[in-house]
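Quick caveat, the model's predicted, so the values are computed rather than measured. In listed order, ligands and their atoms are each counted from 1. Heads up: numbering here begins at 1 and tracks the sequence.
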Amino acid sequence: MIDINQLSHHFTLGKKGDQTSLSVLENISFHVRAGEIVTIVGRSGSGKSTLLNLISGFIRPTQGEIIIQNQKVSEFDESEFAEFRLQHMGFIFQNFQLIPSMTAYQNIELPLILKGISEQARKKMTLDMLKKVRLEDFSGHYPSELSGGQQQRVSIARALVLEPPLILADEPTGSLDSETEEDLLRFIQELNKEMGITFLIITHDDEVARIGDRTITLADGKMVESVVFS
Ligand SMILES: Nc1ncnc2c1ncn2[C@@H]1O[C@H](COP(=O)(O)OP(=O)(O)OP(=O)(O)O)[C@@H](O)[C@H]1O
């Protein structure tokens, strides 16, 4: 599903003429199999978000390659990556990133509109997804009228509605209390089993790391450990 080969990244800091280079990731290689839940852990500043941003194509690596579903995405230009993301990836963020002026239904429907799916098909897919995340009674609610856990379920529904094979999540439970977190983790595991979706999850929470089949640990931009759970 994902092959990361000798990936390195540095950021260039400062103004022209007075620039320094900050090495953030060094020689990272790993493989994620289809249907796995892989968590990436490490201290603040260890390079987790940078790694996820590289895999998502929001930044381009300084060195190395990223292959997703047999496509060398690290060579894609911006528009190729945008199209690839729409077809293959869903995203879950710590702060949900829902559109406040849209209802739960409209937030979930949005990727379907972007993909040009007909209104009739959109309706069925959106309602099915609302049911899957157990929010069918909240379709007309705006994000501000939903609890944190409910908002995160809307954002998961939005990430899943196009049935992408891969979900990338950055601290998905970071804004939730521990009970809601547990609920959401169980839900992610259910989706993984039911739909075979591959999850790559960044976290610094041990509870979250434990739901993975495997944990990759980053320290100062290097991969220091990869633990497989039985
Ligand atoms: N766009 C950028 N420009 C310059 N430096 C950056 C940029 N993004 C991240 N960095 C630096 O790269 C390093 C790694 O940051 P990154 O956000 O990947 O870490 P992280 O492990 O996700 O941290 P956290 O857990 O706090 O989110 C940090 O030193 C950060 O300051």
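- The two residues P172 and L184 make their nearest non-hydrogen contact at O-CD2, 4.1 Å.
- Within the 4.0 angstrom cut-off, atom 31 (O) of ligand 1 has no protein heavy-atom neighbours.
- Close contacts of ligand 1 with R43, meaning ligand atoms under 4.0 Å from a residue heavy atom, involve 21 (O).
- When heavy-atom distances to ligand 1 are checked against a 4.0 Å cut-off, L13 comes that close only through its side chain, counted from C-beta outward.
- Between F91 and F58, the ring centre distance stays below 6.0 Å.
- With respect to atom 29 (O) of ligand 1, the closest heavy atom belonging to the protein is L22 CD2, 4.1 Å.
- Looking at R60, its side chain does come within 3.5 Å of a backbone N or O of F76 through a donor-acceptor pair.
- Nearest protein neighbour of atom 23 (O) of ligand 1, counting heavy atoms only, is G45 N, 2.8 Å.
- For E225, there are no salt bridge (charged side-chain N to carboxylate O under 4.0 Å, His left out) partners, not counting sequence neighbours.
- For atom 2 (C) of ligand 1, the protein comes within 4.0 Å by at least one heavy atom.
- Scanning the protein for heavy atoms near atom 10 (N) of ligand 1, the closest one is F11 CE1, 3.5 Å.
- For atom 17 (O) of ligand 1, the closest non-hydrogen atom on the protein side is S49 CB, 3.6 Å.
- Below 4.0 Å from some heavy atom of K48 lie the following atoms of ligand 1, by number and element: 18 (O), 19 (O), 20 (P), 21 (O), 22 (O), 23 (O), 24 (P), 25 (O).
- Each of the atoms 23 (O), 24 (P), 25 (O), 26 (O) of ligand 1 lies under 4.0 Å from some heavy atom of S44.
- Close approach of ligand 1 to V24 (heavy-atom distance below 4.0 Å) involves ligand atoms 12 (O), 13 (C), 14 (C).
- One N or O on the side chain of K48 and one on the backbone of R43 form a donor-acceptor pair closer than 3.5 Å.
- Ring planes of F84 and F81: perpendicular class, angle over 60° (limits at 30 and 60°).
- The backbone N or O of Y142 sits less than 3.5 Å from a side-chain atom of E145, completing a donor-acceptor pair.
- Between H9 and F11, the ring-plane angle classifies as perpendicular under the 30° and 60° cut-offs.
- Near T50, the atoms of ligand 1 lying under 4.0 angstrom from a non-hydrogen atom of the residue are 15 (O), 16 (P), 18 (O).
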